[in-house]
Amino acid sequence: MTKVGFLSDIHGNIAALQAVLSKLDDEACDLVICLGDLVGYGPNPTECVQAIRAREIPTVLGNHDQYVTMLLNPRMEKLREDVRISVEWTQSQLPMDDLKWLAQLPLRLDAEDFSVVHGAFGPKPWVYCASEKALAHNFAHQDVALGFCGHSHVPIIALDRGEAPPALDYLHTMPLPTAPKVMINIGSVGQPRDRDPRASCVVYELESRHVALFRVPYDIEDTQARIRAAGLPEAFATRLAEGR
Ligand code: ZN
């Protein structure tokens, strides 16, 4: 049985990342893939980048990864104030070698049985695969039967239904449903937004086509203390306990 582990949206939360990596180790994954947003919001961006690099985990670029590598880009002006603060702080923390590594990440990775992106397939990579409209846009550009994404921090499964709007449901542990195209949003390691504060990750078994969603507890108070010690906005800390 070939097991692939998926994790995404770590957002500088090293305690959550370590909890998820040890869960995926327990599950004996043959391969682990990271769907981007290693940094932003959280207090330990360097530790998170270096943990992923040390394990040589294949990784796609997330929007926050892109923001921190776009030094002095005018697009920065359009970022929300709290995101801009987090981007500038993260830039001040990351060694140049880690910034360079983030800057060379691809927008998608293709395996034999599936492809992965951070946000969505198509020319607008930062669309949130979280609504019928966004999923319809995604499926119009998704050129593979099975895709995995992150970005919205809410685990869902979406089925392409051709002319009819896509079917969306909360992701749970299940056999992969039959549909022309399927997109699985794996949720977030370091900042879940579905009112469940536990870290999220997914394991997919290639031969049985079985999807498993795991929610992994970690020391939220420790991460909150690190956020406050770093002088980052208080909201970054409080939202972790609320899972939103
Ligand atoms: Zn994210």
Side-chain angles (χ1 to χ4, degrees), residues 6-17 19-21 32-49 51-52 57 59-70 75-76 78-91 93-94 98 102-103 105-109 116-121 124-131 134-135 138 147-156 171 183-202 213 215-216 218 220 223 227 232-233 235-240 242-244:
F6 296 90
L7 57 94
S8 188
D9 296 276
I10 301 159
H11 286 294
N13 188 339
I14 190 67
L17 176 59
V20 161
L21 288 174
V32 173
I33 300 178
C34 175
L35 273 51
D37 271 6
L38 287 73
V39 304
Y41 302 121
N44 293 99
T46 306
E47 289 81 351
C48 291
V49 170
I52 295 295
I57 292 174
T59 301
V60 291
L61 182 76
N63 54 312
H64 284 262
D65 307 322
Q66 189 188 51
Y67 299 154
V68 301
T69 59
M70 289 199 306
R75 262 192 63 187
M76 289 278 297
K78 292 185 191 164
L79 294 178
R80 241 178 32 225
E81 176 67 5
D82 62 334
V83 174
R84 191 187 55 74
I85 290 168
S86 125
V87 168
E88 288 177 354
W89 182 84
T90 303
Q91 286 173 335
Q93 301 293 308
L94 281 169
D98 290 325
L102 287 172
L105 292 175
L107 278 172
R108 72 182 269 175
L109 286 172
V116 309
V117 290
H118 178 67
F121 291 96
K124 294 180 180 168
W126 310 142
V127 165
Y128 288 95
C129 277
S131 67
L135 263 307
N138 171 77
F148 291 87
C149 67
H151 191 41
S152 72
H153 300 203
V154 176
I156 58 157
L171 180 63
M183 181 62 133
I184 294 175
N185 191 321
I186 64 164
S188 168
V189 170
Q191 195 193 81
R193 294 179 192 159
D194 61 342
R195 303 271 168 186
D196 181 343
R198 295 173 298 171
S200 182
C201 63
V202 159
L213 174 70
R215 300 308 290 257
V216 187
Y218 72 95
I220 293 174
T223 300
I227 288 170
L232 288 162
F236 294 178
T238 50
R239 69 187 303 177
L240 292 183
E242 297 161 3
R244 63 164 187 86

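Computed from heavy atoms alone, side chains included, the values below leave out hydrogens, waters and symmetry copies. The structure presented is a predicted model; accordingly, all values stated were derived computationally and were not measured. Numbering of ligands and ligand atoms starts at 1, following listing order.
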Should H153 and P192 count as side-chain neighbours, where that means a heavy-atom distance under 4.5 Å? no
Return yes when at least one N/O/S atom of H151 is nearer than 2.8 Å to the Zn ion (ligand 1), and no when none is. no
Find, among atoms of D9 that are N, O or S, the one nearest to the Zn ion (ligand 1), and state its name. OD1
Examine F236 together with H11 and report whether their ring centres are nearer than 6.0 Å. no
Min side-chain heavy-atom separation P125-V117 under 4.5 Å: no
What is the OD2(D37)-the Zn ion (ligand 1)-NE2(H153) angle, to the nearest 10 degrees? 180°
Only one of D65, N63, L61 passes side chain to side chain contact (heavy atoms under 4.5 Å, CB included) with H118, and that residue is N63
